[in-house]
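In what follows, a single structure is set out as structure tokens and then discussed.
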Amino acid sequence: MKGFTAAFLIWTLISASGGGPPAWPTHTACKDSSLEVLYQSCDPSQDFGFSIDQCSQHLKSNINIRFGIILRADIKGLFLDASLLTRGESILNYSYPICEEDLPNFSFCGRRKGEQIYYAGPANNLGFDIPKGDYQVLLKLYNEKHSMVACVNATIICS
Ligand SMILES: *[C@@H]1O[C@H](CO)[C@@H](O)[C@H](O)[C@H]1NC(C)=O
Ligand SMILES: *[C@@H]1O[C@H](CO)[C@@H](O)[C@H](O)[C@H]1NC(C)=O
Ligand SMILES: *[C@@H]1O[C@H](CO)[C@@H](O)[C@H](O)[C@H]1NC(C)=O
């Protein structure tokens, strides 16, 4: 059943994307015996590096992440839109402000277009157990003018 679902999903995604520019390679953000997180940039202009320090089905609060990216836009404001799907069905949409002009919570807030960011540190997250299953996650980062800063789609496999 799992194999069928995955095959169907891949087929759906390929059919939906049609031609278009070649896709970026798939990277592994983390992998252990019960959890695997794969991601791919969906920003046609760049790929980027991302990793998660602890890979566990029992997600701890304050996991450490690392990422590197070249900014395509100024980020006085930086906002995250996330959506979570399982077997093609939407289960959660989530929006979160990462940088706001009066609350520059991270050292990289306020950086300018063309600058490179490398962040290694905690991600403010909730700790919880990830239920078994395959999940698709789409993350979009954009600035206060709604210019895209990054786009990533990921697959989380929890077995
Ligand atoms: C990202 O999405 C593309 C198609 O939209 C899909 O082919 C690819 O498998 C996805 N990558 C990951 C890591 O989920
Ligand atoms: C999430 O947003 C998408 C697109 O706007 C929508 O189709 C979907 O129903 C939403 N899902 C939930 C769980 O609200
Ligand atoms: C930013 O910091 C303020 C004050 O410490 C806090 O109230 C707010 O929740 C933080 N926002 C984010 C996005 O972490």
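Indexing begins at 1, ligand by ligand and atom by atom, following the structure's order. The residues of the chain are indexed from 1 along the displayed sequence. All of these numbers come straight from a predicted model, not from anything done at the bench.
A donor-acceptor pair is defined here as one N or O able to donate and one able to accept, closer than 3.5 Å; such a pair exists between the side chain of Trp24 and the backbone of Asp43.
A salt bridge links Glu36 and Lys31; the closest N-O separation between the charged side-chain nitrogens and carboxylate oxygens is under 4.0 Å. With respect to Lys140 and Asp81, no salt bridge is recorded, no charged nitrogen being found less than 4.0 Å from a carboxylate O.
Ring pair Phe108/Phe67 is perpendicular by interplanar angle, where above 60° counts as perpendicular and below 30° as parallel.
Checking atom 11 (N) of ligand 2 against the protein gives a heavy-atom contact under 4.0 Å. Closer than 4.0 Å to atom 14 (O) of ligand 2 lies at least one heavy atom of the protein. Distance check on atom 4 (C) of ligand 2: every protein heavy atom falls at or beyond the 4.0 Å cut-off.
Contacts of Ala154 with ligand 1, taken as heavy-atom pairs under 4.0 Å, involve the backbone alone.
Polar contact check, Tyr39 against ligand 1: no nitrogen or oxygen pair lies under 3.5 Å apart. Residue Thr26 has no nitrogen or oxygen atom sitting less than 3.5 Å from a nitrogen or oxygen atom of ligand 1, judged on distance alone.
Counted by atom type alone, Ser45 and Arg72 present one or more donor-acceptor pairs between their side chains at under 3.5 Å.
A centroid separation of less than 6.0 Å is found between the aromatic rings of Phe50 and Tyr39.
With ligand atoms numbered from 1 in the order given, ligand 2 contributes 1 (C), 2 (O), 3 (C), 8 (C), 10 (C), 11 (N), 12 (C), 14 (O) to contacts under 4.0 Å with heavy atoms of Asn93. Taking every non-hydrogen atom of Ile91 and a distance limit under 4.0 Å, the qualifying atoms of ligand 2 come out as 13 (C).
For atom 9 (O) of ligand 2, the nearest non-hydrogen atom of the protein is Ser90 OG, 4.1 Å.
Contact detail for Thr86 and Gln136: the closest heavy-atom pair is CA-OE1, 4.0 Å.
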